[in-house]
Amino acid sequence: MRPDIQLDSDGGLHHFLTLEGLTATQLSSILDTAESFYPLAGQSVRKVPLLRGKTIVNLFFENSTRTRTTFEVAAKKLSADVINFNLATSATSKGESLLDTLKTLEAMQADMFVVRHQQSGAAHFIARHVAPHVSVINAGDGRHAHPTQAMLDMLTIRHHKGAQFERLKIAIIGDILHSRVARSLIHGLNILGVGQLRVVAPDTLLPNDIETLGVHPFNRVEQGIKDVDVIIMLRLQKERMQHAMLSNEHEYFRLYGLTEKRLTLAKPDVIVMHPGPINRGVELDSVVADGPHSVILDQVSHGIATRMAIMAMTLGYKPDRVVG
Ligand code: ASP
């Protein structure tokens, strides 16, 4: 998949499909723009007119609660009109091709498609076929990429730990093999120059080429989380497993679940993250999910600011302008 398809002729973002090929300056500028939206939360009118008159279509072929909702909230805060396209009841289930559906929506003057699809590469495919003025944002494609999730995770990390990523040790724990979140995070954190990035999973849930991705793999969670500043837990992607890769969930929790006891091995001020939806008692103990180290709900709030920044920038907003 060609990453350069997402840039316009001036090197600015036109689509947002993957973090591969982007620079630290580009990622930091998205994070700075997202931060510039924080003061909105304290205002009586929590909106800016940056995308007034624009139409954004949420095109979700796969279920989602928080991603779709936070995209919708973000678009509304930018004053855009939002259409949620319900694909379960749409013409695609009556045999219309994806491209015919897209052309129909374009004729309704859509300016942006936010796409979630179970096939890797779907957002790139759509980006190659839309009219030149339409931007496409990848809201998760198969096991390939989930770049807005990675950006909001990095914003959450920066918020709690500061911008010097080179000082941080970060562990991603769980189903790395099927996780688009892990793949995008690995690219993004390496671009931002993270000090040390570890992935922790049984061999059955690690990609074969894991060492080439710039991470340190661990099979034992106790070793993987030793002295880390940030722990990112992942959901077991059972819907993407083609055959049984684990004995059972109880055994998985016994070997990999994040408990209070295990958490003491990390740095005392470690933060615990999870992209959601969380499975209590499978990936992490409830006490940890709701405990003082957890920033899981913070991630959701940062998701709104991050998605605002990405939608505004792909539709031409230049971040040096003052918001407010
Ligand atoms: N919400 C994330 C995703 O869409 C993580 C997950 O589903 O486990 O990939």
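We count ligands from 1, going down the list as the structure has it; atoms in each ligand are counted the same way. The shown structure was predicted, so the numbers you read here are calculated from the model rather than taken from an experiment.
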Considering non-hydrogen atoms of the protein only, which is the closest contact for atom 8 (O) of ligand 1, and what is the distance? Arg235 NE, 2.7 Å
Please check if the distance between the ring centroids of Phe37 and His302 is under 6.0 Å. no
For the 3.5 Å polar cut-off, considering only N or O atoms, please tell me whether Thr67 and ligand 1 meet it. no
Sole residue of Asp175, Asn279, Leu236 in side-chain contact (heavy atoms from CB on, under 4.5 Å) with Tyr252: Leu236
Find the distance between NE2 (His14) and OG (Ser135) and round it off to the nearest 0.5 Å. 4.5 Å
For Glu62 and ligand 1, answer yes if some heavy atom of the residue is under 4.0 Å from a ligand atom, otherwise no. no
Taking heavy atoms and a distance under 4.0 Å, where does Leu234 meet ligand 1: side chain, backbone, both or neither? neither
State whether the number of non-hydrogen atoms from other residues, nucleotides or ligands found under 6.0 Å of His250 atom NE2 is greater than 12. no
Have a look at Gly276, Pro277, Gly140 and point out the one with the heavy atom closest to atom 2 (C) of ligand 1. Gly276
N or O pair under 3.5 Å between Arg116 and ligand 1: yes
Measuring from Thr259:OG1 to Arg254:CZ, what's the distance to the nearest 0.5 Å? 12.5 Å
What is the distance from atom NZ of Lys267 to atom NE2 of His293, rounded to the nearest 0.5 Å? 13.5 Å
Strictly under 4.0 Å, does any heavy atom of His146 approach an atom of ligand 1? yes
So NE2 of His124 and CD1 of Ile126: to nearest 0.5 Å the spacing works out to 11.5 Å
Give the atom numbers and elements of ligand 1 that come within less than 4.0 Å of a heavy atom of Gln237. 6 (C), 7 (O), 8 (O)
Quick one: look at Arg180 and ligand 1, take heavy-atom pairs under 4.0 Å, and tell me if it's side chain, backbone, both or neither. side chain
